[in-house]
Amino acid sequence: LTINEITNKQELYGFRTNDVSKNYEVVDLNGNSTTLKDLAEKRGFLLLDFWGTWCVPCKELTPQLVNLNKKYSNKMQLASLAFELDSKPVLEYTAKNKMNWYNGIIKGKPKSGDKSSPIISDLRIECYPTFIVLDSNLNILFRKCGSGDNYLELEAFLSSILE
C-alpha cells in the first residue's frame, strides 16, 4: 500500500459550509432576474430552498416554510428555487399555498441528472429539498439536503442566528 499526497488544481466552486457562493443570477416566475447578492442584502441573510412541485418531501415542508417565513421575514430573505421545465405548475402551487416570498425557477428536467444550470451544478444540488443559508457576503453558513431531521437542524440553526 502506497499513500501519496494529491494536490487538487481544480477551481473550487463554493458549495460547502464555510465556502463562498458565486453571485448567481436567478429568474423569478414572471421572468425577471436578480442576483443572490441582491436577495441576500435585503435582510442580511438568504435561505435558498431548492425544490420542485414533483418532490413529495418538498411539498410536505411547505407549511413549515410558510411559518418560517412569517417568523423571520424581517431578518431573512427566503428564496424558493424550483427545478422545473415549466413555471405554470410552480405559479399555481405557490399561489395556492401562500408562498409569499421570492419564488424563482431554474429551467431543467427533474429527476434526470440534468446539470445544465450553473447554480445546480456548481452548488452540487443533488437531492431535494436542499437548503442553503447565505449571509450578505454570500458566505455559506449552513447547508442540508432532505427533510426530517435535516429540516429540524435548519430550524435550530436559523433560531441560533436570528433570535
Side-chain angles (χ1 to χ4, degrees), residues 14-15 17 21-112 114-136 138 140-148 150-159 161-162:
F15 67 93
T17 301
S21 173
K22 290 181 183 177
N23 188 22
Y24 296 97
E25 184 175 316
V26 290
V27 178
D28 71 16
L29 300 177
N30 297 312
N32 302 310
S33 64
T34 190
T35 64
L36 294 186
K37 184 90 169 146
D38 288 341
L39 290 171
E41 287 179 338
K42 288 184 180 189
R43 295 187 185 99
F45 294 97
L46 173 63
L47 168 57
L48 296 174
D49 162 35
F50 291 90
W51 75 293
T53 60
W54 45 268
C55 170
V56 174
C58 301
K59 291 166 73 171
E60 288 174 347
L61 286 174
T62 299
Q64 287 96 323
L65 287 174
V66 169
N67 290 335
L68 202 66
N69 187 59
K70 285 178 186 173
K71 185 174 183 179
Y72 297 123
S73 64
N74 61 336
K75 299 177 182 179
M76 174 194 73
Q77 174 67 49
L78 175 53
S80 291
L81 303 174
F83 188 55
E84 302 271 345
L85 288 171
D86 181 18
S87 61
K88 185 178 179 189
V90 182
L91 279 163
E92 292 170 355
Y93 186 86
T94 57
K96 177 182 174 188
N97 291 281
K98 297 179 176 58
M99 294 171 66
N100 301 323
W101 55 82
Y102 183 89
N103 282 282
I105 187 161
I106 300 167
K107 297 282 185 165
K109 187 174 181 184
K111 301 181 184 180
S112 70
D114 182 354
K115 299 280 188 202
S116 60
S117 165
I119 194 170
I120 295 292
S121 62
D122 292 355
L123 291 178
R124 297 188 186 175
I125 307 303
E126 297 170 348
C127 71
Y128 294 83
T130 291
F131 299 106
I132 299 175
V133 178
L134 305 169
D135 67 13
S136 59
L138 302 183
I140 299 173
L141 306 176
F142 179 91
R143 178 193 172 107
K144 283 291 176 178
C145 174
S147 56
N150 290 333
Y151 182 78
L152 295 176
E153 288 180 43
L154 170 66
E155 285 184 317
F157 176 77
L158 291 174
S159 175
I161 65 167
L162 299 176

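Nothing fancy with the numbering, it's 1 onward along the sequence.
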Quick one: do L134 and I140 satisfy side chain to side chain contact (heavy atoms under 4.5 Å, CB included)? Show the steps, please.
CA-CA 5 Å; L134 305 169; I140 299 173; 3.5 Å; yes

Where [X] and [Y] come nearest, the two heavy atoms and their spacing:
{"X": "R143", "Y": "I132", "result": "NH1-CD1, 3.6 Å"}
{"X": "I106", "Y": "S117", "result": "CG2-OG, 3.3 Å"}
{"X": "N74", "Y": "R43", "result": "C-CD, 3.9 Å"}
{"X": "V90", "Y": "D86", "result": "CG2-O, 4.0 Å"}
{"X": "P89", "Y": "T53", "result": "O-CG2, 3.8 Å"}
{"X": "Q64", "Y": "E60", "result": "OE1-O, 3.2 Å"}

Is any side-chain heavy atom of [X] closer than 4.5 Å to a side-chain heavy atom of [Y]?
{"X": "I105", "Y": "E84", "answer": "yes"}
{"X": "K70", "Y": "V66", "answer": "yes"}
{"X": "L65", "Y": "M99", "answer": "no"}
{"X": "F131", "Y": "N150", "answer": "no"}
{"X": "L47", "Y": "L68", "answer": "yes"}
{"X": "L61", "Y": "P129", "answer": "yes"}
{"X": "Y24", "Y": "I120", "answer": "no"}
{"X": "V26", "Y": "L48", "answer": "no"}

Show the numbers, then the answer: is there a side chain to side chain contact (heavy atoms under 4.5 Å, CB included) between S80 and T94?
CA-CA 10 Å; S80 291; T94 57; over 6 Å; no

Any chance you could measure [X], atom [atom1], to [Y], atom [atom2], to the nearest 0.5 Å?
{"X": "N69", "Y": "K98", "atom1": "CG", "atom2": "NZ", "result": "14.0 Å"}
{"X": "K22", "Y": "D122", "atom1": "NZ", "atom2": "CG", "result": "4.0 Å"}
{"X": "L138", "Y": "L46", "atom1": "CG", "atom2": "CG", "result": "8.0 Å"}

For F45, the option from L39, L141, L78 that meets side chain to side chain contact (heavy atoms under 4.5 Å, CB included)
L141

Look at atom NZ of K107 and say whether more than 12 heavy atoms of other residues, nucleotides or ligands are closer to it than 6.0 Å.
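For K107, atom NZ is crowded (more than 12 foreign heavy atoms under 6.0 Å).
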
Which residue is it: W51, W54, F50? I am looking for the one with a ring pair (Phe, Tyr, Trp, His ring centres under 6.0 Å) to Y128.
W54

Given 3.5 Å as the limit, does a donor-acceptor pair link the side chain of N97 with the main chain of Y93, or not?
yes

Taking it one step at a time, do Y102 and T34 satisfy side chain to side chain donor-acceptor pair (under 3.5 Å)?
CA-CA 10 Å; Y102 183 89; T34 190; over 6 Å; no

Decide side chain to side chain donor-acceptor pair (under 3.5 Å) for S73 and W101; before the verdict, give the C-alpha distance in whole Å, the side-chain angles of both, and the deciding distance to 0.1 Å.
CA-CA 9 Å; S73 64; W101 55 82; over 6 Å; no

All ring pair (Phe, Tyr, Trp, His ring centres under 6.0 Å) counterparts of F142, not counting sequence neighbours:
F157

Please, which pairs that meet disulfide (SG to SG under 2.5 Å) have at least one residue in residues 54-85, sequence neighbours excluded?
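For residues 54-85, and leaving out neighbouring residues, the disulfide (SG to SG under 2.5 Å) pairs sorted by first residue read C55-C58.
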
